[in-house]
Every structure is written in structure tokens, then in C-alpha cells.
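Here's the structure we're looking at; comments come further down.
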Amino acid sequence: MTNPPSYPTGPTPYPTGPPPYPTAPPPYPTAPPTDPTGHPYHRLDRTTGRHRWWRPLTGTVLLAFAYVVILLVLLALSYGLGTALGAPELPDGGADLGPLGNTAMDLVSIAIALPLVLLATLWPARRPVGTVTSVTGRLRIGWLGRCLLAGLLPILLLTATAFLLPDDSGDTGAWVGWRSFLTALAVLAVLVPLQAAAEEYVFRGWLLQAAGAFVRSPWFAVIPQAVLFAAAHGWGTQWGFLGLLVNGLVAGLLTIRTGGLEAAIALHVLNNLLAFGASAAVVDGLSSDETAADAPWSLALTAIVTDLLYAAIVLWFARRHKPQRLSVPTPPAPYAHPARTA
């Protein structure tokens, strides 16, 4: 009788040691992955994977501090220039550079906030500067042009209504003359768009996205910046404050609905060019310290209707031309095995 074949009972011939390749570490050891879904404008801080609760807060504090410091430097320079030119002093202690010069300084003092917002977006927000402009990461020139076109009819109606409204002061103002008027228009055409854009980048840009980093609802992101926008113009009349509040709400909602600041910038530029242009047309018109916050009920109500009409036209354009509303989804970066990249 043959014996059954014997099988080795010793150690297995196959190695039992560690695998020939080391196991891959977690692909994101220090930061959460980028979000693979598209986000609306107010949630763009969530798309990079670098969001931390302290970044929007720190950026807001640094932005305000840097603005105050640069503003003080600018005021010192203007005072030195006025002293060198022998200009008289204003009641608040600044140099009186004349109606146009003082207006230009006021516009520049606001425009300096624009580069500060871009720097705050780079750090501490740690995201591309274009993300504060639109969901595409850039200023959409074509859409900006359409928004400017959308604002022509409402602004013309506002202009005509403002001329028809009674003037409580009874001062119709004297024509300043073509030379002075065209000179002022040239200065305003350069500085007003920068000033208006700076305000939009601060309120509808940085502050809107800072709030949106914590809340999903567009309303909870829009309301705080609208209140701060109205308060920043000072307290004049209740109707003036309401008009500015509605303007901030409309601009904020259009920013989210269209995916960028273009609609808000267009409305702000057209409004301010109208206001400053009308003031430049009369003698000492630019010397007035009144703002939209001081508007009477009739003018404030007209401005509210203008904003709502502009919003309706922009939304109609948006349905036809469909500007990008959400950011492009960011796929997770593929993990490269150490052994294959050595």
C-alpha cells in the first residue's frame, strides 16, 4: 500500500514581510479637500479648502486697520500739498483745495480701499483675488457692459424725476460754465468709477463673502452688508437711510443672482456719475456735504423705484444671456504615489 504524498509543514515559501511599496499616507494630511461642488458668489470662500473660521474675521480687522492708516497718510499728504500751495484751511483742519480738488480727495480716500480688499483676499483669505470679483475669477467685461446698458433707462427716469421734484431750499443754482463743467466731468469720469467700485468690493464683495463663509442663506449674507452700507453714509433722514438700505439689498442680491459684482458696480457708477455730474453743473455744487442719506422722502422713493426697475431689467438680461452663477466645481487633486514620483 502506497503512502499518501507528504506536504511540507515548514514555513511558507511566500514572504510575509512588509509589502514592497509603502502604504500611501492620507491625501490631505493637513487641510480639508476642496469642495467638488459649484458655489454661489457669497460662498466662494468655501471652494478652496483653506477656509478657517478666523480668516474672514482677521481679514476684516486688518482691512479696516490698513484703511485707517492709509487714509491718515493721505490726509497728511493733502494737508502738506495745501500748505505748499498756500491753500486756506477747512473748518475740520484740512487743506481747502477748492470744490473740485476737495471732491477729488474725497473720491480718492474711498478708492484706496479697492487694492486693500484684493490684498485681504490673497491673505488672510488665501484665495485668488479674482474670486472677490465673480465666480469666474475675473471681471466679465461683456456682462458689465450689458448691466451699464440696463441702467440707462432707470437713471434717465431718475434724472427727469429729480428735476421735476420741488426743491425745498428754493436755490436753483447758477450754471457754472462749460469750461469748468467739462473739466469737472473729466476728473469725475476717472475717479467716480474707482470710488464706486471700491465701495462695491468692500460691501458687496468682501463683507458679503465674509458673512457667506458662515451662512448658506443669501439673505443672511446680504442683510448685514446692506445695513453697514447705509450706516457708512451717515444718518441724515429716515427716508435717505431706507433708500440706501434698499440699494444695498438690491445690489447684494443681484451680485449673488448674477455671480459677480458687475451689476452692482454698474448701478453704483451710473448713480454717482449722475449725482456728481449734476452737482458739478452749478456753482458751488461740489461744495455741498449732503449725501444720499440726506435725501427727502420724494427723492429717496424715486431712487428706490429706480433700483427695483434696474433689478428687473438686469434679471431679464440674465435670463436671456445666462451669466455664470456658480463657481466651476473643483475636482480633488489626484494623489501621486511616492514610489512613482521618486
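All residue numbers in this chain count up from 1 along the given sequence.
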Path from [X] to [Y] over hydrophobic side-chain contacts below 4.5 Å:
X: L122; Y: V117; result: yes
X: F203; Y: L57; result: no
X: L71; Y: L191; result: yes

[atom1]-[atom2] distance between [X] and [Y], expressed to the nearest 0.5 angstrom:
X: L75; Y: I70; atom1: CG; atom2: CD1; answer: 12.0 Å
X: R325; Y: S134; atom1: CZ; atom2: OG; answer: 14.0 Å
X: L299; Y: T161; atom1: CG; atom2: OG1; answer: 9.5 Å
X: L116; Y: F65; atom1: CG; atom2: CZ; answer: 12.0 Å
X: L245; Y: W239; atom1: CG; atom2: CH2; answer: 12.5 Å
X: T291; Y: D106; atom1: OG1; atom2: CG; answer: 11.5 Å

Give a yes or no on this: more than 12 heavy atoms of other residues, nucleotides or ligands lie within 6.0 Å of atom [atom1] of [X].
X: W178; atom1: CH2; answer: no
X: W297; atom1: CH2; answer: no
X: Q238; atom1: CD; answer: no
X: W219; atom1: CH2; answer: no

Is the shortest side-chain heavy-atom distance between L44 and V132 below 4.5 Å?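 SC-SC contact between L44 and V132 ruled out.
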Should F220 and F214 count as side-chain neighbours, where that means a heavy-atom distance under 4.5 Å?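 Not in contact.
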Pair [X]-[Y], side-chain donor/acceptor within less than 3.5 Å:
X: Q209; Y: R127; answer: yes
X: T121; Y: W206; answer: no
X: S327; Y: Y41; answer: no

Given E262 and I265, is the side-chain contact (heavy atoms from CB on, under 4.5 Å) satisfied, shown in steps? CA-CA 5 Å; E262 294 88 354; I265 291 175; 5.8 Å; no
What are the two closest non-hydrogen atoms of [X] and [Y], and how far apart are they?
X: A184; Y: A280; value: CB-CB, 3.8 Å
X: A213; Y: P56; value: CB-CG, 4.0 Å
X: A150; Y: V314; value: CB-CG2, 3.9 Å
X: L97; Y: G82; value: CD2-CA, 3.9 Å
X: L118; Y: Y201; value: CD2-CE2, 4.1 Å

Any chance the rings of W143 and F317 have centres within less than 6.0 Å?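 Not under 6.0 Å, so no.
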L208 and T255: side-chain contact (heavy atoms from CB on, under 4.5 Å), yes or no, with the steps? CA-CA 9 Å; L208 185 65; T255 297; 4.1 Å; yes
Is there a donor-acceptor contact under 3.5 Å from the side chain of Q225 to the main chain of G248?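 Yes; judged by distance alone, with no hydrogens or angles, the pair exists.
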N/O donor-acceptor pair under 3.5 Å between S288 side chain and G285 backbone: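 Such a contact is absent between S288 side chain and G285 backbone.
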Take R204 and F229 through the side-chain contact (heavy atoms from CB on, under 4.5 Å) test and state the conclusion after the steps. CA-CA 9 Å; R204 259 66 71 180; F229 174 72; 3.5 Å; yes
Report the C-alpha distance between L185 and L273 in whole Å, list the side-chain angles of each, state the deciding distance to 0.1 Å, and finish with yes or no for side-chain contact (heavy atoms from CB on, under 4.5 Å). CA-CA 9 Å; L185 278 187; L273 282 177; over 6 Å; no
